[in-house]
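Comments concern the structure below.
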Amino acid sequence: MHEKREKSSDLPPLPDAEGGVVMRFAPNPSGPLHLGHARASILNDYYVRRYGGSYIYRIEDTDPKRVVPEAYEMVREDLEWLGIAISDIVYQSDRLGIYYEYARRIIGIGGAYVCTCEAERFRELKLAKKACPCRDLTVEENLLRWEQMLDGTFIEGEATVRIRTEIDHPDPAIRDFSAMRIVNTTLHPRVDATVYPLMNFSVAIDDHLLGMTHVIRGKDHIANTRRQKYIFDYFGWKPPHYLHYGRMSIEGLVLSTSSMHQGIADGTFTGWDDIRLGTLRAMARRGIRPEAVRAAVIEIGCGGTDISFSWDNLFAKNRELIDKGSDRYFFVQDPVHLTVKDGPEQTAHAPLYPGDEERGYRTITFNGEILIPGKEMEGNDLIRLKDLFNIRVTGENTAVYAGDSLTEIRAAKGPIIQWLPPDQTVPCRILTPEGIISGVCEAGVAGCVGETIQFERFGFVRIDAVADGCVTAYFTHR
RNA sequence: GCUGAUAUAGUGUAGUCGGUCAAUCAUGUAGGACUCUCACUCCUACGACUGGGGUUCAAAUCCCCAUAUCAGCACCA
């Protein structure tokens, strides 16, 4: 029993890992981290923790057009929130000199050439398995061209360094892919440069130089892995072990950073932490705990199958984490006013957490006037005001005291609902992915900013802010 | 089109050397117990090996074909 439980929470072992591993998380700094990044960073983190070793956070900022300067800081915050144990940070933009050196070397040994064909022209040749004229240049000519890329003789789009593979390789994705290019129309926020490595080149060089032993990444990189192996081969390096996990789609969510970016720009979203986005900061704001994300990701594992991420599974893990720590309060959605006749003056003592009196009680004093959720009026005439007494609805806005008996209400199968006296509430709006729900809640909620609480019979929420006496909450989950 | 990866219940996962798998665990759904919440806890039920061949005494597990899904074929990562 115990063995099984442990087994299911353990991911399969990694080859050649017993002596420790060196792994990496290598995002492009184009925005904050989202669920997809969480998977990559957590899976790698899991194995580094399991086997020991180091975990390098490598910032792949070699495309000046795709660098969002604020992202450097956002990513670091997100990793911290996730609890990723980073041992080193490497900026690829600091390492351009290294890439230049290795580019020169690989050209020098005939493993690459400088191509001046137009991209479209090369593409046609490649698909026809035909070499372009540049491929036959001598090493000396290529080295000269390489110097000309660096000294500005060539400008953006005029030359690219290609790794020599097999021009008739069965997989067109492999044939003579690019390794270095010129970008002089966009400035890089961190460095002054015009020649940049393409991902496959810088990744291969760094994976070797930084001593990577294992690489876990999405299967969209399978072709890149094959390409990078050419570079390892040319230099005589031993490549790391690779593991490719499947694509992950998320129910009702757009994960692409660029579309999120656009949505924020045009006002569709309020920001990177808009509740409708799959960013980690959005989830944090909703009251999702990083441990829940980690548990969900570990459970998904490294399988190569394409999966659709289910919020239900994440929510279940989160509920397990936050339930005990979340105090209970009343929230009355779409309040309807009722005047209750003949009700005895009573004060309700509702536990902050049922089953644990030690945590204390909220006191709500009945004074003849109450607000109840509008939808509870439908089809119900006998209603139990939770922790108070029963009432019988007699009209649009009137009701009459109907005794204290709890057994009676149960026998009648009447609902036991939340309620509040109008003078003991604060307005409250709850932001959900589907829209805003408004109502009133207990005044005590105003003291819970930053915490997750549970609105009874409604669900868990995180109290985000209190302004002008009005509570703003984010819906976590039921 | 070419190259490759994957295919277990609504969702996620276990099952890696074929038999002990009419298939694990979680989530979900339904019902029940408990409870002054539709939460928590507990019980019960429901629900899957993509299809077709083959190898074998025996296949979810091996082989082949088909189908489906996804990815790559960028001077993005």
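Numbers restart at 1 for each chain; the letters A, B, ... are given by sequence-line order, proteins then strands.
Within the 4.5 Å cutoff, no side-chain heavy atoms of A:His34 are placed close to those of A:Leu277. Contact of the A:Phe201 side chain with the A:Asp206 side chain is not registered, since no non-hydrogen atoms from C-beta on lie closer than 4.5 Å.
B:rG54 and B:rU8 are spaced 24 Å apart, taking the P atom of each and rounding to whole Å. The separation of B:rC42 from B:rG4, taken at their P atoms, amounts to 50 Å, rounded to a whole angstrom. Rounded to the nearest Å, the gap between the C1' atom of B:rA68 and that of B:rA74 is 28 Å. A gap of 24 Å separates the P atoms of B:rA9 and B:rC65, to the nearest Å. Nucleotides B:rA22 and B:rC40 have their P atoms positioned 34 Å apart, rounded to a whole Å. Taking atom C1' in both B:rA23 and B:rU16, one finds a spacing of 15 Å when rounded to whole Å. Distance check on atom P: B:rC64 versus B:rA5 gives 12 Å, rounded to whole Å. If you take atom C1' in B:rA59 and the same atom in B:rG18, they sit 6 Å apart, rounded to whole Å.
Here A:Asn313 lies in heavy-atom contact (under 4.0 Å) with a base. A:Ser326 comes within contact range of no nucleotide atom at all, as no heavy-atom separation falls under 4.0 Å. Among the protein residues, A:Gly246 comes within range of no part of the nucleic acid, since none of its heavy atoms lies under 4.0 Å from any strand. As judged by a 4.0 angstrom heavy-atom cut-off over every strand, A:Pro197 is placed among residues touching the sugar-phosphate backbone only. Note on A:Cys302: nothing from the nucleic acid sits closer than 4.0 angstrom, heavy atoms only. Nucleic acid contact class of A:Ala119 (heavy atoms, under 4.0 Å, all strands): base.
The pair A:Glu451-A:Arg462 does not count as a salt bridge, with every side-chain nitrogen at least 4.0 angstrom from each carboxylate oxygen. For the pair A:Asp176 and A:Arg162, the salt-bridge criterion is not met [side-chain N within less than 4.0 Å of a carboxylate O].
In this structure, A:Trp311 atom CH2 and B:rU29 atom C1' are separated by 21 Å, rounded to whole Å. Across the protein-nucleic acid pair, A:Leu33 atom CG and B:rA77 atom P stand 18 Å apart, rounded to whole Å. Between the CZ atom of A:Arg24 and the P atom of B:rA77 there is a distance of 13 Å, given to the nearest Å. When the P atom of B:rA77 is taken as reference, atom CE of A:Met180 falls 11 Å away, rounded to whole Å. Atom CD of A:Glu299 is separated from atom P of B:rG12 by 11 Å (rounded to the nearest Å). Atom pair A:His169:NE2 and B:rG4:C1' shows a separation of 11 Å (rounding to whole Å applied). As a whole-Å value, the separation of A:Asp168 CG from B:rU3 P is 13 Å. The CD1 atom of A:Ile307 sits 10 Å away from the C1' atom of B:rU13 (whole-angstrom rounding).
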Indicate every side-chain donor-acceptor pair of residues 61-68 of chain A with a distance under 3.5 Å to a residue at least two apart or in another chain.
unit_1	atom_1	unit_2	atom_2	d
A:Asp61	OD1	A:Ser93	N	2.9
A:Asp61	OD1	A:Ser93	OG	3.4
A:Asp61	OD2	A:Tyr72	OH	2.6
A:Asp61	OD2	A:Ser93	OG	2.6
A:Asp63	OD1	A:Lys65	N	3.0
A:Asp63	OD1	A:Arg181	NH2	2.8
A:Lys65	NZ	A:Glu156	OE2	3.0
A:Lys65	NZ	A:Thr185	OG1	3.4

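Here the shortest heavy-atom pairing between A:Arg392 and A:Leu382 reads NH2-CD1, 3.9 Å. Nearest heavy-atom pair across A:Leu125 and A:Cys132 is CD1-CB, 3.6 Å.
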B/S/- contact track for nucleotides 33-44 of chain B, protein heavy atom under 4.0 Å:
---BBBBS----
Contact letters for nucleotides 68-73 of chain B, in which S counts primed atoms plus P, OP1 and OP2 and B counts the base, heavy atoms under 4.0 Å
--BSBB
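Stems are defined here as 3 or more consecutive Watson-Crick or G-U wobble pairs with pairing distances under 3.5 Å; those involving RNA chain B are B:1-7 with B:67-73, B:10-12 with B:25-27, B:28-33 with B:41-46, B:50-54 with B:62-66.
For A:Phe458 and A:Phe331, the distance between ring centers is under 6.0 angstrom.
A cation-pi arrangement, defined by a distance under 6.0 Å to the six-membered ring centre and an angle within 45 degrees of its axis, is absent between A:Arg328 and A:Phe455. At least one test fails for A:Arg164 against the ring of A:Tyr234: distance under 6.0 Å to the centre or angle within 45° of the axis.
Listed by first and then second residue, the ring pair (Phe, Tyr, Trp, His ring centres under 6.0 Å) pairs involving residues 147-172 of chain A amount to none (not counting sequence neighbours).
Of the two residues contacting RNA chain B, namely A:Lys317 and A:Ile300, the nearest-nucleotide position lying further toward the 5' end is that of A:Ile300.
Taking the side-chain contact (heavy atoms from CB on, under 4.5 Å) definition, one finds that A:Glu434 meets it with A:Thr432, sequence neighbours left out.
For A:Asp63, whose side chain is taken as the heavy atoms from C-beta onward, the closest listed nucleotide among B:rA77, B:rC75, B:rG4 is B:rA77.
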List the steps and the verdict of side-chain contact (heavy atoms from CB on, under 4.5 Å) for A:Tyr329 and A:Cys428.
CA-CA 12 Å; A:Tyr329 287 98; A:Cys428 177; over 6 Å; no
